Trainee: 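Okay, here's the structure, questions in a sec.
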Amino acid sequence: MAERTVTVTDNTSGRQIELPIRRSVQGPDAVDIGRFFRELGYFTYDPGFLSTASCHSTLTYLDGEQGQLMYRGYPIEQLAVKSSFLEVAYLMMYGELPTGKQLEDFTHIIVHHSMINEALKSFFRGFYHDAHPMAIMVGVVGSLSAFYHDSTDINNASHREIAAHRMIAKMPTIAAASYKHSIGEPQVYPVNSLSYTGNLLHMMFSIPCEEYVVDPVAEQALDLIFILHIDHEQNASTSTVRLAGSSGANPFACIASGIAALWGPAHGGANEAVLTMLNEIGDVKNIPGFLARAKDKKDPFRLMGFGHRVYKNYDPRARIIREMCHKVLSQLGDANDPMFELALRLEEIALNDDYFIERKLYPNVDFYSGLIYKALGIPTNMFTVMFAIARTVGWVAQWMEMIGEENQRIGRPRQLYVGPTQRDYVPIDRR
Ligand code: SDX
């Protein structure tokens, strides 16, 4: 088939170039602009990367207009109902759903990497008691490369695989230890007989003085939420992990950079910000005032949990979480939780408001997830940590995909310089 191209003409110089179009399997094709600067002398300019594909990937596909999300071709709606977090983790790492034996072996590997080096325990004590758990996560995960010299040769495929297993396995243990430090309770070791999410709940909520029984509703709810958060194409934190990885940094440092990027309230920090916002709104009668602030360009306030760079339709994850939220609240929390009622009313009012309709601002994955975490007894400052645990699967899968490429190169964007032209230094006594 003849190569499809686009023609670019510089109307100033009259120069014209043909740029090849790279075909996608699904969704928009991409114009390869690799020769653009060399042949036309211009950079392309796209702050925020609204129209820019930074890579090609086989992992996750999403369609913002259709509100569609697939992991390795499997619709999120099917995986959410039929799969499990570790099964989807296997799918993301290896490209196919595992057989029973493959899943059993993978689970055994993850379970047996869940402990952290005993020397790491003192790291947590070094943080102030009221340190935000995300601050602890960034620090401790970044330090893992100091312990695992046997899996940081990124050019060795088996090192990459071991590092990925270790990251997926240890995130719950580090997260729970961060939480325990913030409440002054002793760290709890993982229990190999528990499920991935059951172990996390056990490490967070059990205390030495009494037996802790994992609530199956909480365990299943967390597993489902984690599936929905595993990956999401080239979002801010995943792009951060890829850029860090492109320099050859070790995998633990790359994941730490992803955790740092996820923390922002415009990204993964939004789930915590939603609960803070709902608390601030307090009552349905205050909603109009907050909507007015959200529309006021002079006011930095945004409606947390609404809007998305890609989804210009309902975030499919939000739809799934919304349905589950009611079930969890009725089984675990307070079915008439005023926060949930307030969230439903806020959503209803916003979705009928012209400002939100014109801008296609719908609830995103973060709008309801915090309400479920709250019903599970997870404190607000741990919400983004939950997101980071789940997204570690996507981060390691995206990192492995990039590092495994033949002609992988360091990511190094250019800029449109708008600073001062050259000028000479002025001695201080003449300024
Ligand atoms: C996640 O990228 C991903 O995939 C992320 C994520 C993932 O899984 O990795 O899906 C997870 O981060 C979800 C998003 C969580 N963030 C929030 O809920 C924070 C609130 N949302 C906004 O900050 C915002 O919607 C963003 C950051 C999510 C998207 O920002 P964009 O794409 O840069 O959109 P924009 O700011 O250009 O908005 C377009 C218009 C603007 O108004 P106009 O200039 O056209 O008049 O919509 C307005 C914005 O002011 N707008 C909002 C709004 N979001 C956008 N106005 C009020 N409240 C909002 N929440």
Side-chain angles (χ1 to χ4, degrees), residues 46-54 57 59-65 67-71 76 92 134 225-242 258-278 280-281 287-321 343 346-347 349-351 353-371 383-384 386-395 397-398:
D46 184 19
F49 311 115
L50 284 156
S51 304
T52 297
S54 60
S57 179
L59 288 160
T60 294
Y61 174 76
L62 56 97
D63 181 320
E65 295 303 327
Q68 181 186 15
L69 172 60
M70 301 191 298
Y71 293 153
I76 194 70
M92 293 302 276
M134 282 296 279
I225 289 188
F226 279 10
I227 290 173
L228 300 178
H229 284 80
I230 277 180
D231 195 41
H232 213 238
E233 201 205 62
Q234 303 311 316
N235 59 85
S237 54
T238 298
S239 298
T240 302
V241 170
R242 277 182 172 258
I259 297 171
L262 185 75
W263 196 0
H267 189 16
N271 53 19
E272 177 176 354
V274 166
L275 254 290
T276 304
M277 175 187 73
L278 290 174
E280 208 182 333
I281 294 174
I287 289 176
F290 278 85
L291 287 189
R293 285 186 58 196
K295 302 174 194 174
D296 179 358
K297 296 302 171 204
K298 293 189 292 297
D299 190 329
F301 175 78
R302 289 265 177 104
L303 209 55
M304 291 292 108
F306 270 79
H308 197 277
R309 169 56 57 78
V310 178
Y311 288 126
K312 301 309 172 189
N313 194 325
Y314 218 96
D315 181 334
R317 302 166 298 176
R319 195 187 308 281
I320 295 169
I321 285 187
L346 176 60
E347 177 193 34
I349 295 169
L351 292 185
D353 182 291
D354 288 344
Y355 175 94
F356 288 84
I357 293 169
E358 285 157 19
R359 291 166 180 77
K360 299 184 176 181
L361 302 177
Y362 291 89
N364 57 49
V365 68
D366 294 299
F367 187 63
Y368 284 105
S369 56
L371 291 169
F383 288 3
T384 310
M386 296 292 116
F387 197 149
I389 293 171
R391 187 52 57 90
T392 293
V393 170
W395 289 332
Q398 296 265 356

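As the structure is a prediction and not an experimental result, all values here were calculated from the model. Sequential numbering from 1 along the given sequence is applied to the chain's residues. As the structure lists them, so they are numbered: ligands from 1, and atoms in each ligand from 1.
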Trainee: Do the side chain of N271 and the main chain of F383 share a donor and acceptor less than 3.5 angstrom apart?
Mentor: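 Side chain of N271 to backbone of F383: a pair is present.
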Trainee: Closer than 3.5 angstrom, by distance alone: can the side chain of N364 be matched with the main-chain N or O of G305 as a donor-acceptor pair?
Mentor: yes
Trainee: Is a donor on one side and an acceptor on the other found under 3.5 Å between the side chain of H308 and the backbone of L361?
Mentor: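 Between the backbone of L361 and the side chain of H308 there is no qualifying donor-acceptor contact (under 3.5 Å).
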Trainee: Nearest non-hydrogen atom to atom 59 (C) of ligand 1 belongs to which of H308, K312, R302?
Mentor: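 Closest candidate by heavy-atom distance is R302.
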Trainee: Just to check, does R317 reach to within less than 4.0 Å of ligand 1 when the distance is taken from its heavy atoms?
Mentor: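 A heavy atom of R317 does come that close to ligand 1.
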Trainee: How many angstroms lie between CG in L69 and CG in D315, if you round to the nearest 0.5 Å?
Mentor: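 It comes to 7.5 Å.
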Trainee: Once you measure the plane-to-plane angle for F301 and F290, does it fall in the parallel (<30°), tilted (30-60°) or perpendicular (>60°) bin?
Mentor: perpendicular
Trainee: Does D315, backbone or side chain, put an N or O under 3.5 Å from an N or O of ligand 1?
Mentor: no
Trainee: I'd like to check which ligand 1 atoms, numbered from 1 as shown, lie under 4.0 Å from a non-hydrogen atom of M304.
Mentor: 18 (O), 19 (C), 20 (C)
Trainee: Using a 3.5 Å distance criterion without hydrogens, assess whether the side chain of Y71 forms a donor-acceptor pair with backbone atoms of I230.
Mentor: yes
Trainee: What atoms of ligand 1 come within less than 4.0 Å of a heavy atom belonging to A266?
Mentor: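 Checking each atom against A266, I get 12 (O), 14 (C), 15 (C), 16 (N), 27 (C).
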Trainee: May I ask you to establish whether R359 and Y355 are in a cation-pi arrangement, using a distance under 6.0 Å from NZ or CZ to the six-membered ring centre and at most 45° from the ring axis?
Mentor: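 Output yes; distance and angle both within limits.
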Trainee: Is any N or O atom of L303, backbone or side chain, closer than 3.5 Å to an N or O atom of ligand 1?
Mentor: yes
Trainee: Using 30° and 60° as the class limits, which term best fits the ring planes of Y362 and Y314: parallel, tilted or perpendicular?
Mentor: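 Tilted: the ring planes of Y362 and Y314 meet at 30° to 60°.
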Trainee: Taking only heavy atoms of P265, which atoms of ligand 1 are found under 4.0 Å from at least one of them?
Mentor: 16 (N), 19 (C)
Trainee: Considering only the protein, which heavy-atom contact is closest to atom 1 (C) of ligand 1, and what is its distance?
Mentor: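 Among all protein heavy atoms, the one nearest atom 1 (C) of ligand 1 is D366 OD2, 3.6 Å.
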Trainee: Contact between ligand 1 and Y311 is defined here as a heavy atom of the residue under 4.0 Å from a ligand atom; is it met?
Mentor: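 No heavy atom of Y311 comes that close to ligand 1.
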Trainee: Please determine if R309 and E233 form a salt bridge, counting it only when a charged side-chain N lies under 4.0 Å from a carboxylate O.
Mentor: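 Answer for the salt bridge query: no.
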Trainee: Can you find an N or O of V365 that's nearer than 3.5 Å to an N or O of ligand 1?
Mentor: no
Trainee: Any chance the side chains of H232 and T60 put a donor and an acceptor closer than 3.5 Å?
Mentor: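 On atom types as modelled, these side chains do not qualify, holding no pair under 3.5 Å.
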Trainee: Identify the closest protein heavy atom to atom 2 (O) of ligand 1: which residue and atom is it, and at what distance?
Mentor: N235 CB, 3.4 Å
Trainee: Between L361 and ligand 1, which residue portion shows a heavy-atom distance shorter than 4.0 Å: side chain, backbone, both, or neither?
Mentor: side chain
Trainee: Taking atom NZ as the centre, does K298 end up with more than 12 heavy-atom neighbours from other residues, nucleotides or ligands that are less than 6.0 angstrom away?
Mentor: no
Trainee: If we count only non-hydrogen protein atoms and require a distance under 4.0 Å, does atom 30 (O) of ligand 1 qualify as touching the protein?
Mentor: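 Neighbour list for atom 30 (O) of ligand 1 is empty of protein heavy atoms (cut-off 4.0 Å).
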Trainee: For R359, take its heavy atoms, then give the atoms of ligand 1 lying under 4.0 Å from any of them.
Mentor: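 Heavy-atom distances to R359 below 4.0 Å select 40 (C), 42 (O), 43 (P), 45 (O), 46 (O), 47 (O), 48 (C).
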Trainee: Find all atoms of ligand 1 within a distance of less than 4.0 Å from any non-hydrogen atom belonging to G305, and give their numbers and elements.
Mentor: 17 (C), 18 (O)
Trainee: For ligand 1, which atoms have a heavy atom of R309 less than 4.0 angstrom away?
Mentor: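 Close to R309: 29 (C), 31 (P), 32 (O), 33 (O).
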Trainee: Looking at non-hydrogen atoms alone, which of H232, H267, K360 comes nearest to atom 4 (O) of ligand 1?
Mentor: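 Answer by nearest heavy atom: H232.
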Trainee: So, does R391 sit close enough to ligand 1 that a heavy atom of it is under 4.0 Å from the ligand?
Mentor: yes
Trainee: With no hydrogens and no angle check, do the side chains of N313 and E65 hold a donor and an acceptor under 3.5 Å apart?
Mentor: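 Not at all, the side chains of N313 and E65 share no donor-acceptor pair under 3.5 Å.
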Trainee: Any protein heavy atom under 4.0 Å from atom 38 (O) of ligand 1?
Mentor: no
Trainee: Without swapping roles, check the side chain of D46 against the backbone of T52 for a donor-acceptor pair under 3.5 Å.
Mentor: yes
Trainee: What I want to know is whether K297 and ligand 1 share at least one N or O pair that is separated by under 3.5 angstrom.
Mentor: yes
Trainee: Please confirm whether the backbone N or O of W263 pairs with a side-chain atom of H267, one donor and one acceptor, at under 3.5 Å?
Mentor: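 Absent.
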Trainee: Less than 4.0 Å between atom 13 (C) of ligand 1 and some protein heavy atom, yes or no?
Mentor: yes
Trainee: Does the protein place a non-hydrogen atom closer than 4.0 angstrom to atom 34 (O) of ligand 1?
Mentor: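 When distances to the protein are checked, atom 34 (O) of ligand 1 has no heavy atom within 4.0 Å.
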Trainee: Below 4.0 angstrom from a heavy atom of A270, which ligand 1 atoms are there? Numbered from 1 as shown, please.
Mentor: 15 (C), 16 (N), 17 (C), 18 (O)
Trainee: Indicate yes or no for a side-chain donor-acceptor contact from S239 to the backbone of N235 under 3.5 Å, with no hydrogens or angles considered.
Mentor: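 Looks like yes, one N/O pair under 3.5 Å.
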Trainee: Does any N or O atom in F306 lie less than 3.5 angstrom from one in ligand 1, N or O only?
Mentor: yes
Trainee: Which protein heavy atom lies closest to atom 56 (N) of ligand 1, and at what distance to 0.1 Å?
Mentor: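 Atom 56 (N) of ligand 1 sits closest to the protein heavy atom Y355 OH, 3.2 Å.
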